[in-house]
Amino acid sequence: MFSRYNTSSHLKACDFFFTMFVNQAGCRPVKQRNISLQSPQSYLCERSGWEGPKWLFSCCLKTGVPYEICFTKFMSSSLNQPLCFVSFQMDLRLLSIATLLGILCSCSAQQEGSDCIKANAQSCGECIQVAEKCGWCTDTDFLKQGESKSARCDELQSLITKGCTKAKIENPRGSTFINKNKAVTNRKKDMAEKLKADQITQIQPQKLTLNLRSGEAQTFKLKFKRAEDYPIDLYYLMDLSFSMKDDLENVKNLGTDLMREMKEVTSDFKIGFGSFVEKTVMPYISTTPARLLNPCTSTNNDTCTSPFSYKNVLKLTENGEEFNSLVSKQQISGNLDSPEGGFDAIMQVAVCGNAIGWRNVTRLLVFSTDAGFHFAGDGKLGGIVLPNDGKCHLENNMYTMSHYYDYPSIAHLVQKLSDNNIQTIFAVTEEFQPVYKELKNLIPKSAVGTLSSNSSNVIKLIIDSYNSLSSEVILENGKLPEGVSITYKSICKNGWVGTGENGRKCLNISIGDEVSFEIAIKSEKCPPQGKSETITIKPLGFTENVEIVLNFICECECSKDGKPLSEMCHNGNGTFECGACRCNEGRIGRLCECSTDEVRTDDLDANCRKDNGTDICSNNGDCVCGTCECKKRENPEERYSGKFCECDNFNCDRSSNKLCGGHGRCECRVCICDANYTGSACDCSLDTSTCLAANKQICNGRGTCECGVCKCTNPKFQGPTCEICPTCPGVCAEHKDCVQCRAFETGEKKDTCERDCSYFNLIRVKDRDKLPQPADQSYPLSHCKERDANDCWFYYTYAVRNHTESEVYVVDTLECPAGPDIIPIVAGVVVGIVLIGLALLLIWKLLMIIHDRREFAKFEKEKMNAKWDTGVNPIYKSAVTTVFNPKYEGK
C-alpha cells in the first residue's frame with residue numbers, strides 16, 4: 001500500500017534524480033508514467049549503440065519508507081555481461097550523495113573497456129590475447145585519419161559503435177571437445193562375469209581437447225563413480241627393530257586372517273610383506289663385527305638377525321598361507337637410535353613396482369612402527385650427503401644403496417606416492433600418534449590408525465583405514481603450463497557443493513555412489529610458439545586419469561588468408577592480413593611505408609605539423625613515419641582524430657555538465673545534435689510539448705516556444721506556459737458591468753450599454769449546466785459569478801475565440817435571495833426573551849441559596865467557638881434578697 005504523505009515532494013525529487021543521475025549515463029527517456037497511488041514514476045531509457053532498453057529507473061512511495069529509489073542496469077546479453085542491481089533507500093536530503101555515487105559508477109563502467117586499447121596491439125593475434133572481451137576490426141576502411149592500427153582492437157560494442165559491422169569483427173571463441181567418453185562401470189560383486197581391472201571405468205570422460213582463448217575459461221563436467229568389487233593390492237611394511245618383537249608374533253597369521261576379512265570388500269585381493277630397520281652405518285647401528293652379526297647380544301641373550309635397511313620379503317600374492325609362512329620365518333633386528341629408516345623403505349616400495357608386484361588397481365601401503373622416522377638431512381650424521389634419487393635399488397629384494405643416498409624428504413615421498421597412486425596407512429602406537437598425524441596432513445590420501453602395543457588390532461585398523469580412504473575422492477592435476485589456471489567445483493552427495501580447495505574433493509562416498517566435478521581451465525597468455533600442451537587430472541589413490549590436450553588460440557582465422565609481400569603494404573614491405581599490414585622487420589608505419597634507417601627524423605616531423613606550425617601532431621599524438629598517430633586517452637570513449645590529431649570528441653560545448661547536453665555527439669570539437677535538438681551544446685529542444693498550456697495552445701496563445709521554453713510576448717503574462725498574469729484585473733470583474741447591462745439592463749452602465757458594451761457576442765442559456773466548460777474548448781475560457789445591487793447572483797463565461805472574437809455565455813435568470821419570514825423571527829425573539837428571563841431567575845435563585853448556606857455555616861462556626869456556659873447568664877441578678885438570723889437556732 002502506498003502512502004499519500006508528501007507526494008509532490010517525492011515527484012520533484014524523482015525528476016531531479018533522473019535528470020542528475022540517469023542522464024549521466026547518456027540515457028534519454030523513452031517511456032514515462034505519472035506517479036500515482038497505484039504505480040511509481042518510472043523512466044525506461046536507452047543509450048545509442050545499445051540494442052534495446054538497458055536502464056530502468058523507478059521512484060517508489062512505500063508506507064514506512066521515507067523515500068526509495070531503485071534502478072536496474074541491464075547489459076546486452078550479446079556482450080555476455082552480468083546483471084547489475086542496485087537499490088537505495090534514503091531521505092530527500094541524501095539525493096545529492098546518491099547522484100555522486102551514480103556518476104562514479106557510470107565512470108567506472110566506462111573505464112572497464114580500456115584494457116584492449118591500452119595493450120596497443122599491432123595485429124589481430126596480439127589483440128585476441130589481451131582479454132576475452134577484445135575484438136579486431138578487419139574492415140580496411142575502419143580507421144579514421146590519425147588513428148593507429150591498435151585502434152582496431154577494442155571491445156565488441158565499442159567497435160560496433162565506431163562503425164565496424166559484426167561481420168567484420170574477428171573474435172574467436174574457445175571450445176571443448178570430448179575425444180573419449182566411456183561410461184562408468186556398473187559392476188556388482190556377485191556378477192558371474194568378473195572384469196579385469198583395466199576393463200573397469202570409474203571416471204568419465206577419459207580424454208578431452210580444449211581450445212583456449214586468452215582470458216576465456218573452458219568448463220567441462222567430470223563424473224566419478226566408485227565401482228563395487230574393485231581389486232586391491234595391500235603391502236604390509238613392518239618395522240623389525242627390537243621393540244617390535246611382540247608385534248611380529250601377532251603379524252605371523254595376518255595373511256589368512258586379512259584375506260578372509262577383505263573378501264567382504266573385494267573378491268580380487270593380493271597381499272605382500274616387507275620389513276625395515278635402519279641404515280647400516282654408524283651412528284644408526286653398531287658396526288662392530290659381533291653386533292653386525294647379532295645386534296641383540298646385550299638383551300637377555302636374544303638372537304637377532306643382522307641389521308638391514310629394507311627387505312622385500314614377499315611379493316604381492318593371493319596366497320595367504322604363503323604370507324603366514326614367510327612372515328613366521330622373520331627375525332627381529334636392532335639399531336642404536338630411536339628413529340627408524342622407514343622413509344627409505346617407503347620410497348623403494350613406491351618406485352620398485354615390478355619387484356613389489358603392484359597392479360593397476362587400488363594400492364594400499366600399511367606402514368607399521370612404534371618409533372619416529374629419519375628424513376632428508378639426517379644422513380649427514382653418517383657421512384651420507386647425496387640426496388635420495390627416487391629410483392629403485394633392490395638387488396635380491398634388498399635395498400643396497402642405503403649407505404650411499406640420504407633419506408628422502410617428505411615432499412619427495414609425497415610426489416612418488418602420488419605418482420604411483422599409493423594410499424598410505426600409518427599403523428603406529430599411541431605414543432607417536434601426534435607425529436604421524438602431522439605427517440598425514442602432508443601426504444594426501446593417507447590415514448593414521450592407533451596400533452596396540454602388540455599389534456593385535458592390526459586387521460581392524462586396516463579395514464577401518466581402508467574404508468576411510470576409499471570414502472573420499474580428491475582430484476589432483478599435473479603440472480600446468482605457464483599462464484594456465486584451473487578451478488574446481490564439486491557436486492557431492494546430498495547436493496553438497498564445494499568450491500576453492502574444497503571443490504577438489506567429495507567425502508563420505510559409498511560404493512556405487514556417483515559424484516561430479518565442474519572443472520574450468522583458463523589461459524592468460526599463449527605459450528612460446530603456441531604449442532599444444534597435455535595435462536592430466538586424476539583422483540588421488542586411483543590409477544585412472546583424464547587426459548586433457550590444450551590447444552591455444554594465438555592467431556585469428558583471418559591471418560590464414562594473409563598475403564605476404566602485399567602491394568597494399570607499400571611495395572610488399574609487409575603481410576596484409578585481417579584488414580591491416582603486419583610490417584616486415586625494419587619497416588614501420590601504418591602501411592609499412594618507412595624504414596627505420598632511411599628517413600631522417602626532421603623530414604618526418606615536417607609532415608606532422610599543421611600549417612607549418614611548431615606543434616607536432618597538435619601535441620596530441622606522435623609522428624610515426626611522417627604520419628600522426630594520435631594519443632590514446634584513459635577513457636576509451638574519448639579519442640583524438642584528424643590528420644594532425646587536431647580533432648577530438650570530448651571538448652565540445654557542455655550543458656548541465658553533459659557533453660553536447662546529452663543530446664548529440666561530439667565530432668572535431670563541434671556538436672552534431674540528435675533530431676529535435678539544436679544549439680552549440682544541443683541544449684535547445686525543438687519539441688513543443690513542454691510549452692503546451694492547459695488549453696492545448698502553445699504558450700497559452702500569449703508567447704512563443706523557444707528551446708522547449710515559453711517566451712511570453714505579452715509582458716503581463718508569465719509562467720512556464722504564459723498562463724499566469726499576477727497584475728491583470730480579474731476577467732470577471734472587468735466584464736461584469738457590461739454583461740449585467742446587456743443581459744439584465746441593470747447596473748452602472750445601463751445608460752451607456754450600447755456604446756461601451758458591444759465588443760462581445762452575448763449568448764443566453766437557461767441554466768448553469770448549459771455553460772461551456774474549459775475542457776471542451778480549444779481557447780481560454782473563464783467562468784464568472786457576480787452579484788448585483790439587489791444581492792442577486794448571475795453566472796456567465798467569457799472567452800476569446802481565435803484571439804479576436806469575444807464570446808459571453810450568460811444564464812438568463814438571476815439567483816436572488818428570498819425575503820425574511822417575520823412570524824418565525826418574532827416567535828423566536830419572544831421565546832428567546834422568555835428563556836433568557838427564566839435563566840436569569842434560576843441563576844438568582846441559585847446564588848441566594850449559596851449565600852444562605854454560607855451565612856448559616858458561619859453562624860454554626862461562631863457558636864462552636866463560644867467560651868461561657870451556655871446555661872447561665874453571667875449578668876443576671878435576682879430581685880429577691882435573703883437574710884439569715886445569726887441568733888436563730890432552728891428551734
Side-chain angles (χ1 to χ4, degrees), residues 49 78 113 116-131 133-173 213 553-596 604 607-608 617 620-633 636-649 665 667-668:
S78 64
C116 303
I117 295 179
K118 286 180 179 179
N120 198 30
Q122 297 298 309
S123 66
C124 185
E126 292 180 15
C127 178
I128 63 173
Q129 293 182 48
V130 175
K133 58 189 175 183
C134 299
W136 178 270
C137 183
T138 62
D139 188 350
T140 55
D141 299 324
F142 172 72
L143 294 181
K144 296 181 180 179
Q145 197 169 31
E147 289 186 318
S148 64
K149 281 188 293 186
S150 61
R152 293 180 177 274
C153 183
D154 204 345
E155 284 192 0
L156 306 186
Q157 191 60 44
S158 181
L159 290 175
I160 294 173
T161 303
K162 293 177 183 178
C164 188
T165 61
K166 286 186 177 181
K168 294 287 187 178
I169 296 177
E170 191 75 14
N171 182 35
R173 313 311 299 173
R213 158 86 184 270
I553 303 175
C554 301
E555 288 292 343
C556 302
E557 284 295 321
C558 57
S559 63
K560 296 179 181 179
D561 301 325
K563 299 177 181 179
L565 307 177
S566 173
E567 289 299 322
M568 299 181 69
C569 300
H570 196 267
N571 300 324
N573 288 318
T575 299
F576 188 79
E577 61 179 40
C578 303
C581 286
R582 177 179 284 188
C583 298
N584 296 335
E585 187 176 355
R587 305 296 297 187
I588 58 174
R590 196 155 132 182
L591 298 176
C592 310
E593 64 270 28
C594 288
S595 169
T596 55
L604 297 177
N607 295 326
C608 297
C617 298
N620 295 323
D622 299 318
C623 188
V624 179
C625 193
T627 303
C628 284
E629 290 193 359
C630 303
K631 295 178 181 178
K632 298 179 179 65
R633 303 270 296 176
E637 300 296 327
E638 299 177 356
R639 57 185 180 273
Y640 294 104
S641 60
K643 181 179 180 181
F644 302 100
C645 301
E646 72 278 12
C647 296
D648 61 61
N649 67 343
R665 66 184 186 279
E667 292 187 3
C668 203

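This is a predicted model, so every value here is computed, not measured.
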Exercise for the section: Please assess Cys608 against Cys628 for the test disulfide bond (SG atoms under 2.5 Å apart), listing each intermediate value before the final yes or no. Expected result: CA-CA 6 Å; Cys608 297; Cys628 284; 4.0 Å; no

Rounding to 0.5 Å, atoms CD (Glu170) and SG (Cys558) come to a distance of 4.0 Å

query = Is there a donor-acceptor pair under 3.5 Å between the side chain of Glu155 and the backbone N or O of Cys116?
reply = no

Next on the checklist: Under a 3.5 Å distance rule, please check whether Arg213 uses its side chain to pair with a backbone N or O of Pro172 as donor and acceptor.
Outcome noted: yes

Arg639 backbone acceptor or donor facing Asn649 side chain under 3.5 Å = yes

_SG atoms of Cys153 and Cys127 less than 2.5 angstrom apart_ = yes

Check step by step if disulfide bond (SG atoms under 2.5 Å apart) holds for Cys556 and Cys124.
-> CA-CA 6 Å; Cys556 302; Cys124 185; 1.8 Å; yes

NZ of Lys631 to CG of Asp648, rounded to nearest 0.5 Å, is 13.0 Å

Shorter than 2.5 angstrom, is that how the SG atoms of Cys137 and Cys164 come out? yes

**Study point:** Minimum side-chain heavy-atom gap Leu156-Asn171 below 4.5 Å
**Key:** yes

Original post:
Is there less than 2.5 Å between the SG of Cys569 and that of Cys583?
Top reply: no

### Message
Between Thr138 and Gly579 (side chain of the first, backbone of the second, donor and acceptor by atom type, cut-off under 3.5 Å), is there such a pair?
### Response
no

ask   = Just wondering, more than 12 heavy atoms not from Lys643 lying within 6.0 Å of its NZ?
value = no

Could you tell me whether the side chain of Gln122 and the main chain of Lys149 form a donor-acceptor pair under 3.5 Å?
no

In short, Asn571 meets Glu567 closest at the heavy-atom pair CA-OE1, 3.7 Å

| said: Any side-chain to backbone donor/acceptor pair from Arg633 onto Tyr640? Under 3.5 Å, distance only. | reply: no

When rounded to the nearest 0.5 Å, the distance separating SG of Cys578 from CD1 of Ile128 is 8.5 Å

Give yes when the SG atoms of Cys647 and Cys668 are nearer than 2.5 Å, otherwise give no. yes

- prompt: Are there more than 12 heavy atoms of other residues, nucleotides or ligands under 6.0 Å from atom CD of Glu557?
  reply: no

